[in-house]
Amino acid sequence: MITKAVKIIVLINLFSSINAAKRMLNATSCNTKTTELNLVIFYVLNFFIIVTVIGNALICIVIAMTPTFRKNTTYLLFFSLAVADMLVGAIIIPINTKRIYNNRLFCMSELACWISLILERTLSIASLTHLLVIGLERYLSLKFTFQYQKYATRNSTLISILCIWIYSFFWAFLGIFDWHSFEYKWTTVFSINYSKTKLKCNNGPKGNKAYFISSYILCFFIPIAVMIYTYSYVYRTAVRHLKAIEQHEIGGKRDKELKRKERQHKMVQSIVIVFIVYLICWLPNIITYFLHIFGKVTIGLHTFILVTEILPPFNSTTNPFIYVISNKQFRLRVCELLLGRKKERFEESLSKQRSFNDVSKIFSKFLKASDSSNSNLLNMSPQKIVK
């Protein structure tokens, strides 16, 4: 009995020492010096965090504080898209930044692992689905104008936004289960691989092929194909309307209608640019992982880092700049929000200067006309003047 007790005590001490050694090894691994390449990526991602959070928060504030934007259904979708981008900058990029700083070792808790994987997939699907709904909304507004005006209300847009988020979370939630497993045991159906000893957290496509193939086709490739058609149709139609107004309508009615169509064209232009930037940032990543499922991808380390770690978060960083640069209304509202009363005074002084210039032009024309009339009177004979 004594020998057995001694053996048990020895085994317990052995296991505890092994676990302590593993913890020390993990602590040592997490505290190792960051490599130069990872340090560069770390600083780039930190820059993305600051710009993404501040930029998208500013877009949300501008839309929320502008009554005309709040009434516009497209701007409501922009608001929801900006919220998704802001969450990327506030949660997803910081977690990935921490992982990069620890030389791609996951030195956080299991809860952080689950949150990062589920939320990252939710936000990526939500971003694309927002662009899909915006494209369909613009398409329907041009194709079925009267029906669109009847059904495209603020409440219907809010319901659409809610459906977008539920749909995105549904697909992300499905990804935590192993679709290859047919056992009804909670310990075996999860596909998220978290290891505290190996410091890893992943849900790679090779381990859950059925889910990733289905999600890539249904959530990315088909929506992208639909958007290429809808956005090309919307852009061509907007350009055609502008040309038709310039050629056929006359007078003040033409100018008023032309300004309205130009505003719509600018909005369409900004939406198309956002979609193109999304394709540039996400399509290489999607294709890489899709080919990785079948083991047919062989790219260099720097290209892989650019495709998987730099371009996807860069998409959320660029969207606020696209809104401001390509949309004059956004630009004016941002200036008013940042400059406050200074902007109003500047515009007031500018309008006064314009009115003064207009009055001076009219006065100069009057003087010219009076001079010409006086010269005509001088050239006339006295009899003609009397008559």
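Computed from a predicted model, the values in this text were never measured in an experiment.
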Show, in sequence, the C-alpha distance, side-chain angles and deciding distance for Thr317 and Thr52, and conclude whether the side-chain hydrogen bond (donor to acceptor under 3.5 Å, both in side chains) test is met.
CA-CA 4 Å; Thr317 306; Thr52 302; 2.6 Å; yes

Hey, does [Y] have a side-chain heavy atom less than 4.5 Å from the side chain of [X]?
X: Phe275; Y: Ile228; answer: yes
X: Leu136; Y: Val226; answer: yes
X: Val51; Y: Phe321; answer: yes

### Message
I'd like to know if the side chain of Arg331 and the backbone of Ile325 have a donor-acceptor N/O pair within less than 3.5 Å.
### Response
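Side chain of Arg331 to backbone of Ile325, a donor-acceptor pair under 3.5 Å: yes, one is there.
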
Exactly one candidate in Thr74, Thr230, Thr237, Val133 meets side chain to side chain contact (heavy atoms under 4.5 Å, CB included) with Arg138; the answer is Thr74

Exactly one of Leu123, Val53, Asn96 clears side chain to side chain contact (heavy atoms under 4.5 Å, CB included) with Val88, and that residue is Leu123

Might you confirm whether atom [atom1] of [X] has over 12 heavy atoms from other residues, nucleotides or ligands at distances under 6.0 Å?
X: Phe170; atom1: CZ; value: no
X: Tyr75; atom1: OH; value: yes
X: Tyr139; atom1: OH; value: yes

Minimum-distance pair of heavy atoms, taken over all atoms of [X] and [Y]:
X: Tyr194; Y: Met108; answer: OH-O, 3.1 Å
X: Ile93; Y: Gly89; answer: CD1-CA, 3.9 Å
X: Thr34; Y: Ile100; answer: CG2-O, 4.1 Å
X: Cys281; Y: Phe314; answer: SG-CD2, 3.9 Å

Q | Ring center gap for Tyr289 and Phe212 short of 6.0 angstrom | A |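 That pair fails the under 6.0 Å test.
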
> Under 6.0 Å between ring centres, would you say that holds for Phe330 and Phe69?
Replying inline: yes

Item to check | Geometric class of the Trp171/Tyr211 ring pair [parallel <30°, tilted 30-60°, perpendicular >60°] | outcome: tilted

Check for me, please, whether Ile276 and Leu77 land in the same ILVMFWY cluster - side-chain distances under 4.5 Å, paths through other members count.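 In one cluster with Ile276: Leu77, yes.
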
